[in-house]
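One structure below.
Both backbone and side-chain heavy atoms feed into the values below; hydrogens, waters and symmetry mates do not. Residue numbers begin at 1 in each chain, while the letters A, B, ... track the order of the sequences.
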Amino acid sequence: MGNWERLVWNQRHLLLDGLVVTVEICLIAFAAAILGGLVLCLVRLYVRPLRQVAIALIEFFRATPIFVQLLWVNYVWPELFGWPGSFFTAGWVALALQSSGYLAETFRAGIEAVPRGQREAGLSAGMSHPLVFRRIVLPQVLLMVAPSLVNQFTVIVKSSTLVSVITVQDLMFQSQKIVNTWLDPIEILTATAAIYILVVFAVSALGKALADLLRRRYGLAAS
Amino acid sequence: MSSIPAISVVDVHKSFGPLAVLKGVSFDVPRGSVVSMIGASGSGKSTLLRCINHLETPSAGEIYIDGEPMHFRVAGDGQRKPRPIAEINRLRRDLGMVFQQFNLWPHMTVLGNVVEAPRRVRGLKRSEAGELALECLRRVHLLDKAGEYPARLSGGQQQRVAIARALAMQPKAMLFDEATSSLDPELTDEVLAVMRDLARDGTTMIVVTHEMRFAREVSDRVLFLHNGLIEEAGAPEEVFGAPKSERCRQFLSKYLPKYVQ
């Protein structure tokens, strides 16, 4: 038990610092991914001239490994665009890119799942197309894809461990630092795994509760 | 003013690619009257109804709402141009549409469904729209369901909410597109009863239906469509009692053998 105390409990402030960074980077990446996914999806569906560009971006984000994207954003973008200026920014941008590709397709499926008749009911009452989208389509899409969004968040949490490679000081980074200091990986890596499991379980449980609530309340198919 | 029909359909054609669905249909709907459209599937009656409120754009012809053209305007050079969408939306407010599949918005309560368009389109205050919505729900006997979500209602109840939703816009005319076709027989009656009440109150209505008894009892005028044309038109006792066209007779005999020999 001595090792647990020395390697884990006594290092708890480091782990906690790391966890805070992990939560921060995941939340920012998640918000950016939702926004990016929505924009990509809307461009793909409704902006005819840019449709192929949106499809190409979506496919590119989905088909490249997250590790490659991370290094690409971190080392190539500053050369090309002079941005991002920090490892932290590069980290959440890379995480957001890949998820936005997946979420764009999730949103598209959601939009296409809203029956056309519901739109027609709005239009035939004199509602404009943007009003119909905002009041009738979008709320239902968000309700429908809420469980998928939560699922994508757990993917982001797990992928976020990679940002330690570009020296973002997240939970994984701190954990490795402790390992490298004491050269004794068993307890600290086990504890780190346990913390990630707890975070992912908590997020999943939240997602399931949300899905159940939506199904009960609106009778929507939440899978 | 009473000489202008509530809805006037003038030589409307509609094609989908090479398929001509409507081939020149004209009729008037005087204010306060009920016009029923009957005919086989594919005869064009739903397409015609959808043309009336611009869910489809006619390929030729025009539809006038209270004398105002719905789809087109004549530009300075004499060319026919589509009307701006804002003007079309303004005219659409005056037409209440009821669909076969109800098309309620599942993320809103019954009250939310009925309040939505009066608030967002007519710009009524929340309290005004709420009062109006409750009055409309009372007319369809669903005041007690105001707080429910559509998924918890039966088909007949959902369709009555859809009728209340259309009524809440205080339209000049109501359009019913096979409003009972996806309902069980016992649920059909409660919806037809509401439609009868509306007709009795002097609501202008165009009803696409397969309910021949309803069409016979409630309509002022019945149109029989066949192959994109009005094959027969007249008072219900004429069309049902002594149809002139052979096709109309054949069609009716499938529904009402006792009326047609």
Side-chain angles (χ1 to χ4, degrees), chain A residues 34 38 41-42 45-48 106-150 207-223, chain B residues 46 49-56 65 84-109 112-123 147-153 158 161-163 165-171 174-175 177 182:
Chain A
I34 290 175
L38 200 55
C41 159
L42 290 178
L45 284 176
Y46 301 120
V47 187
R48 200 50 70 76
T106 307
F107 286 131
R108 183 166 70 98
I111 288 173
E112 286 171 351
V114 174
R116 200 176 62 151
Q118 289 186 25
R119 263 170 269 203
E120 291 185 342
L123 294 173
S124 70
M127 293 169 80
S128 65
H129 280 281
L131 188 61
V132 166
F133 186 80
R134 187 162 61 81
R135 295 287 306 168
I136 294 168
V137 178
L138 191 59
Q140 290 190 69
V141 170
L142 293 179
L143 290 173
M144 257 185 286
V145 306
S148 311
L149 287 186
V150 174
K208 191 177 173 322
L210 189 66
D212 288 346
L213 178 79
L214 297 179
R215 194 164 27 219
R216 263 203 315 279
R217 186 152 178 198
Y218 302 100
L220 291 177
S223 50
Chain B
S46 282
L49 203 66
R50 291 167 60 83
C51 280
I52 291 175
N53 71 355
H54 198 74
L55 288 177
E56 307 288 352
I65 312 298
I85 189 72
E87 286 181 25
I88 289 170
N89 282 338
R90 178 172 56 75
L91 286 171
R92 275 173 156 176
R93 295 177 194 179
D94 292 332
L95 299 171
M97 179 93 168
V98 178
F99 299 84
Q100 183 178 349
Q101 300 297 338
F102 328 137
N103 294 339
L104 294 181
W105 302 313
H107 58 300
M108 299 179 186
T109 62
N113 267 273
V114 183
V115 160
E116 181 67 16
R119 278 203 71 197
R120 309 273 161 189
V121 179
R122 288 238 190 262
E148 290 282 9
Y149 282 88
R152 304 186 63 121
L153 304 182
Q158 290 193 40
V161 172
I163 292 173
R165 176 175 68 177
L167 286 175
M169 286 299 281
Q170 300 176 300
M174 292 280 285
L175 313 176
D177 188 7
S182 56

So, the part of B/I88 with a heavy atom under 4.5 Å from chain A: the answer is neither
Exercise for the section: Quick one: do B/N89 and A/S128 satisfy side chain to side chain contact (heavy atoms under 4.5 Å, CB included)? Show the steps, please. Expected result: CA-CA 7 Å; B/N89 282 338; A/S128 65; 4.1 Å; yes
Check your understanding: Are the side chains of A/P139 and B/W105 in touch, meaning some heavy atoms are under 4.5 Å apart?
Key -> no
Checked A/H129, A/R135, A/E120 vs chain B; the most non-hydrogen pairs under 4.5 Å come from A/R135
Ordered numerically, the heavy-atom neighbours of chain B under 4.5 Å found in residues 109-119 of chain A are A/R116, A/G117, A/Q118
Okay, B/L55 and chain A: the region with an atom under 4.5 Å from a heavy atom over there is side chain
The reported gap from CG in A/L131 to CD in B/E116 (rounded to nearest 0.5 angstrom) is 6.5 Å
Applying a strict 4.5 Å limit to non-hydrogen atoms, the region of B/Q100 in contact with chain A is neither
Applying a strict 4.5 Å limit to non-hydrogen atoms, the region of B/R165 in contact with chain A is side chain
Residues at least two apart in sequence or cross-chain that pass side-chain contact (heavy atoms from CB on, under 4.5 Å) with B/P84, listed by chain then number, are B/R73, B/E87
Residue set satisfying side chain to side chain donor-acceptor pair (under 3.5 Å) with B/S46, at least two apart, ordered chain then number -> B/D177
Nearest heavy-atom approach of A/M127 to B/V121 is CG-CG2, 3.4 Å
Residues at least two apart in sequence or cross-chain that pass side chain to side chain donor-acceptor pair (under 3.5 Å) with B/R90, listed by chain then number, are B/E68
Shortest non-hydrogen pair, A/A121 vs B/N103, comes out as CB-O, 3.7 Å
So, the part of A/I136 with a heavy atom under 4.5 Å from chain B: the answer is both
